[in-house]
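Here is the structure we will look at, set down as structure tokens.
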Protein chains: 2
Amino acid sequence: MKRITIKELAERLGLSPSTVSRALAGDRNIRRETRERVSRLAGELGYRPNPVAVNLRSGRSNTVGVIVPEMVTPFAATVIGGIQRVLYGRGLKVIIAQSDENPQTECGNLELMERFMVDGVIACPCDATRNGEIYRRIRQRGVPLVFYDRAPLRVDASRVIVDDFATSYFLMEHLVRRGCRRIVHLGGPAHIPNARERLRGFRYALGKFGFVSDGRSVIPAGVTFDDGRAAADELLRRMPDADGLFAWTDTVAIGAMNRLRELGIRVPAQMAVAGYSGTVLSTIVNPQLTTVEQPLDEMGCRAAELILEKIADPSAPDRTVTLTACIRERASTAR
Amino acid sequence: MKRITIKELAERLGLSPSTVSRALAGDRNIRRETRERVSRLAGELGYRPNPVAVNLRSGRSNTVGVIVPEMVTPFAATVIGGIQRVLYGRGLKVIIAQSDENPQTECGNLELMERFMVDGVIACPCDATRNGEIYRRIRQRGVPLVFYDRAPLRVDASRVIVDDFATSYFLMEHLVRRGCRRIVHLGGPAHIPNARERLRGFRYALGKFGFVSDGRSVIPAGVTFDDGRAAADELLRRMPDADGLFAWTDTVAIGAMNRLRELGIRVPAQMAVAGYSGTVLSTIVNPQLTTVEQPLDEMGCRAAELILEKIADPSAPDRTVTLTACIRERASTAR
DNA sequence: GTGAAAGCGCTAACAC
DNA sequence: GTGTTAGCGCTTTCAC
């Protein structure tokens, strides 16, 4: 079952390939009757343009590369869903690569995308201080670039983000309203700007509410469930009388909460726990987790739209889209 | 920063494009010195073959389509990780599409893959009784096809699966060993063969251990967390004295377990709960879930290898790879 | 050992 | 309004 080509249509219709091509493209210089004959036969024979040929001709690959730090949590999966809906709808291919939170793997993924000659890259980097060189090179080559969620420092590109600072502050406000007075922050790696912004929101809130902000109130945590567990141990060591916990991601919050409960701490009665991300994970743990719910699907859509804009007109200015997240109050802080 | 082409290399070296092409391909008919000159300059200028041109020439897209039912749980993400590692390593592109457990969306995804002219399809169908037609058509066109985890009925293709029947039996054995005597099964939709096999394993175990298997002991559940919650309600209505629960997936098990605990049932003391899938989800819930851990990354690798085999030689026979899963005993059945 | 030429499927500039 | 021609970048006869 061979694929049918324009040439074949042309032969059968006694026309030239170019006429057929024009007819299919809806060229107005083609007699209406011819156009109809062409599209009828094309329909009958199930003609489909060969995308590879189109690409070679146009110098495009019609492909967008998406680089995600991980896919274990539904975070990336949801964003990707939004991206795919928009790009598949426009006939573009989407190629995904996972960096496993490892800058070197991310580097390899970027090379992969260059090899594949993608028309644009949507990325969420593992580490804002690494690979900046490569991202800049990609941009320099004129490849459209959009960051979502996280963005590296000193790389010009469009980005889709959430106001981490303000939202963290609001989350803290919620904890205080729930009676927390000794709140601890499980902060993320310094090389992730979002982590810094959330920390800033935390600190600002402490000041605003007149709480002491000594060295003890911020505990460094990583990105995994186990990192959260370890941070919980550290928390109890440092500040056993804490009554509130704000973790920089749901993953860390869940790890910490589970560990606390293992150690007999009652959540939320003894310690309220809040996270940040808003995937379905926060609803399957016990108790359900209060969290900042980001509009992940929309984040994907917007990123896709930004990349389309850039692909259509590479000289379009970089844009930053800031989405608003909302706070989902659940059992882990209900007291 | 234009991409450098073979023609350009040829001009600079005073050679013909064909010679350069041959030299790069390592043709033995090229003088060693020429070959070296060519590859040196290619290296210096950072020459990269244009994959689109290669594809047009070879009639291949060098792309494999992967169709997953969902990506909310880490199940698909892990399998995809294995697939990507193998295929990216071989220079193939991987395109993923999510069906959202909806056969119609799946159908659209298959059309998408045909449009993209993928060289092969790796799929996990939502519904074994639907879209069979399309899968058969794809195969008929000579497009290599591999199923993983789930496979539709009456479609010839290679597949990578787990022995659901035997593993379910072993899981039941574990529950019985833990003292369960009135075990209920939360079964999946009839249109998913794995669900039927797991049910069969459940029934076989009941008989083997001399338990009654009346109509009450199987409760139909769907595929989501909420389906699991609803099934838990039904369970308590039908058989309030049940002491063990075997759900056909972790998702359903987690939904059910959370609901049971909300209703004051103690897990595992009052009711042991076991699932099936083995993603990280089972370790973040409370109590941690006993489950059948499938080798998901390997499942992806094997699927990728099977598709490569078929792409290399389309007349290669279909093969079924059966992987062995192992039982992870955790707190949800510890008693 | 190397070059010239053709062609993968498509489109667009240039004829008429 | 339609046909002819050329070319996207690459490989592969076929010549010499």
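Proteins come first, then strands; the chains are lettered A, B, ... in the order of their sequence lines, and each starts at number 1.
Separating the CE atom of Met117(A) from the P atom of dG9(D) is a distance of 9 Å, rounded to the nearest angstrom. Spacing between atom CG of Asp27(B) and atom P of dC10(D) amounts to 17 Å, rounded to whole angstrom units. When rounded to the nearest whole Å, the span between CD of Glu11(B) and P of dA4(C) equals 12 Å. Rounded to whole angstrom, the span from the CD1 atom of Ile4(A) across to the P atom of dC8(C) amounts to 15 Å. The distance between atom CG of Leu13(A) and atom P of dG3(D), rounded to the nearest whole Å, is 10 Å. Summarising the geometry, the separation between CG on Asn62(B) and P on dC10(D) is reported as 14 Å, rounded to the nearest angstrom. Taking atom CG on Leu24(A) and atom C1' on dG9(C), their separation rounds to 13 Å, with Å as the unit. For Asn29(B) and dG3(C), the CG to P distance is 13 Å, given to the nearest whole Å.
Among the nucleotides dC10(D), dT2(D), dT11(C), the one closest to the side chain of Thr34(A) is dT2(D). Comparing dT11(C), dT2(C), dC8(D) by their closest approach to the side chain of Leu56(A) singles out dC8(D).
With the end axes of the helix from dG1(C)-dC16(D) to dC16(C)-dG1(D) each set by five pairs, the angle from one to the other reads 50° at 10° resolution.
Applying the 4.0 Å criterion to OP1 and OP2 of dC10(C), one finds that Tyr47(A) has a side-chain N or O inside that range. Phosphate contact (OP1/OP2 of dT11(C), side-chain N/O of Ser21(A), threshold under 4.0 Å): present. Contact annotation: Thr19(A) side-chain N/O to dG3(D) OP1/OP2 distance is under 4.0 Å.
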Exercise for the section: Starting from the C-alpha separation in whole Å, work towards a yes-or-no answer on side-chain hydrogen bond (donor to acceptor under 3.5 Å, both in side chains) for Ser16(B) and Ser18(B). Expected result: CA-CA 5 Å; Ser16(B) 80; Ser18(B) 30; 3.0 Å; yes
**Message:** Quick one, Asp318(B) with Lys310(B), criterion salt bridge (charged side-chain N to carboxylate O under 4.0 Å, His left out). Give me CA distance, side-chain angles, the key distance, then yes/no.
**Reply:** CA-CA 8 Å; Asp318(B) 290 326; Lys310(B) 279 278 199 179; 2.8 Å; yes
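Between Arg319(A) and Glu309(A) there is a salt bridge, since at least one side-chain N of the basic residue sits less than 4.0 Å from a carboxylate O of the acidic one. Between Arg130(A) and Glu106(A) there is no salt bridge, since no side-chain N of the basic residue sits under 4.0 Å from a carboxylate O of the acidic one.
In the interface, the side chain of Ser18(A) is paired with the base of dT4(D) through a donor and an acceptor atom under 3.5 Å apart. Side-chain atoms of Arg57(B) and base atoms of dG9(C) include no donor and acceptor less than 3.5 Å apart.
Put simply, the side chain of Asp119(A) never gets that close to the backbone of Val64(A): no donor and acceptor are under 3.5 Å apart.
Contact detail for Gly81(B) and Asp297(B): the closest heavy-atom pair is C-OD2, 4.3 Å. Shortest non-hydrogen contact noted between Ala151(A) and Arg159(A) is CB-NH1, 3.1 Å.
Mapping Leu15(B) and Arg22(A) onto DNA chain C by nearest heavy atom places Leu15(B) at the nucleotide closer to the 5' end. Sequence order on DNA chain C of the closest nucleotides to Arg35(B) and Ser58(B) puts Arg35(B) first from the 5' end.
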